[in-house]
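Predicted model only: the values in this text are computed from it and were never measured. Read the numbers this way: they start at 1 and go in the same order the structure lists the ligands and their atoms.
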Amino acid sequence: MDFPKIVGHRGAAALAPENTLAGFRKAAEAGAQMVELDAKLSADGIVICHHDNELGRTSDGKGLVAVQDFAALRALDAGGWFGPSFKGERIPTLAEALALIAELGMGVNVEIKPCPGRERETAAATVKVVRDHWKGSFPFQFSSFKLAALEVALEQAPDLPRGYLTDDFAEGWLETAQRLQAVSVNGNFRRYTKQRIDAVHAAGMKALAYTVNEPADAARLLADGMDILVTDCPDRLLAL
Ligand code: G3P
Ligand code: MG
């Protein structure tokens, strides 16, 4: 199934706490047909939805995610920091997130976001959860900035599409995306020029830009041929 033009970033990060079930619901309410989330491992190997290596910004915990067992992570409040109405929101497992996202009728971009040194382990565990819990009737892709994670995804789930994430379009970016047999190049919108979009298309891939929140940026990118925009504000971009 084709990817929609608008993808909610970490759910709908401007509207609800990122990487939470409330956030995925909010994205669906806003009309998003697909969401992006960040997958990483607890100390005891459970795949959870969380962006940072540390806990402090998006929960009432502190310290490193990588040293906490899932039971401790689950006890944290991952919503109150965003607003009082989200107090009590929990860090979801990837399995829970995938079940809800499918129930809401959306697709998903599972960004493999390993804590340092856990690249292959995180990718393998994430692939397994997706295999066990994603039934495949909606658009799907893995993405990662970490080559080791995408290599594991290619080895273990060659049939599931991959997006090659790049912040800086460093030397050899297009060849790397091709080597990983990516279906898309997922780049920082500030550095995604028309020339790069054209190169991606010429190589038979889609161009995806993150994180696009301003209508003027969205208009420029779409005029240049951008296929997919990842946004904190799906409501705002869908209204265009
Ligand atoms: O997948 C797009 C985007 O989420 C990549 O950056 O840091 O928000 O995970 P980040
Ligand atoms: Mg992400």
Side-chain angles (χ1 to χ4, degrees), residues 3-21 23-24 26-27 32-41 47-59 65-66 78 82 91-94 97-98 101 106-116 118-119 122-123 126 129-130 139-150 153 160-170 173 176-177 180 182-192 196-197 200 205-214 217-218 221 226-234 237:
F3 297 112
K5 270 210 152 24
I6 305 295
V7 175
H9 185 225
R10 309 180 193 172
L15 308 175
E18 63 186 58
N19 286 310
T20 65
L21 299 183
F24 305 134
K26 195 61 95 173
Q33 293 176 290
M34 186 164 179
V35 286
E36 183 263 5
L37 58 78
D38 302 290
K40 57 166 30 73
L41 285 182
V47 187
I48 58 163
C49 300
H50 198 269
H51 180 274
D52 298 359
N53 291 331
E54 296 83 22
L55 289 162
R57 184 178 62 85
T58 56
S59 77
V65 173
F82 189 90
I91 293 175
T93 63
L94 176 61
L98 293 178
I101 291 164
M106 295 190 292
V108 66
N109 176 332
V110 174
E111 182 187 342
I112 305 168
K113 198 81 163 177
C115 292
R118 303 186 82 184
E119 287 78 11
T122 304
T126 302
V129 171
V130 169
F140 176 89
Q141 79 166 202
F142 286 118
S143 59
S144 192
F145 289 104
K146 299 295 177 187
L147 295 186
L150 288 176
L160 292 173
R162 287 161 304 288
Y164 169 62
L165 266 167
T166 177
D167 178 53
D168 57 2
F169 293 86
W173 61 272
T176 305
L180 293 161
V183 299
S184 62
V185 174
N186 302 7
N188 184 325
F189 85 90
R190 294 179 196 284
R191 289 183 266 284
Y192 224 140
R196 286 172 172 160
I197 296 169
V200 167
M205 291 180 276
K206 301 242 184 236
L208 174 152
Y210 70 89
T211 306
V212 184
N213 294 333
E214 296 304 324
D217 293 323
L221 292 158
M226 187 63 67
D227 301 298
I228 304 160
L229 305 174
V230 177
T231 178
D232 295 325
C233 325
L237 293 203

In [X], which N, O or S atom comes closest to the Mg ion (ligand 2)?
X: E36; result: OE2
X: E111; result: OE1
X: D38; result: OD1

What protein heavy atom lies closest to [atom]? Include the residue and the distance to one decimal.
atom: atom 4 (O) of ligand 1; answer: E36 OE2, 2.6 Å
atom: atom 10 (P) of ligand 1; answer: H51 NE2, 3.3 Å
atom: atom 6 (O) of ligand 1; answer: F145 CE1, 3.7 Å
atom: atom 5 (C) of ligand 1; answer: E111 OE1, 3.5 Å
atom: atom 3 (C) of ligand 1; answer: H9 NE2, 3.5 Å

With a 3.5 Å distance limit and no angle check, can you tell me whether [X] reaches the backbone of [Y] through a side-chain donor-acceptor pair?
X: S143; Y: L165; result: no
X: T231; Y: V212; result: yes
X: R162; Y: L180; result: yes
X: K113; Y: H51; result: no

I91, L41, N19 screened by side-chain contact (heavy atoms from CB on, under 4.5 Å) with H50, the one that passes: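 The passing option is I91.
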Let me know which of I6, L208, N109, N186 forms a side-chain contact (heavy atoms from CB on, under 4.5 Å) with I228.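 Passing option: L208.
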With a 6.0 Å cut-off (strictly less than), is the heavy-atom count around CD of Q33, excluding the residue itself, greater than 12?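 Not buried by this count: 12 neighbours or fewer within 6.0 Å.
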Could you tell me whether R191 atom CZ has more than 12 heavy atoms of other residues or ligands within 6.0 Å of it?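 For R191, atom CZ is crowded (more than 12 foreign heavy atoms under 6.0 Å).
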Numbered atoms of ligand 1 (with element) below 4.0 Å of D38, judged on heavy atoms: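 Contacts of ligand 1 toward D38, numbered from 1: 9 (O).
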Which of the numbered atoms in ligand 1 are below 4.0 angstrom from a heavy atom of K113?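 So the atoms of ligand 1 that pass are 7 (O), 9 (O), 10 (P).
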Is there at least one pair of N or O atoms, one from R10 and one from ligand 1, spaced under 3.5 Å apart?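 Yes.
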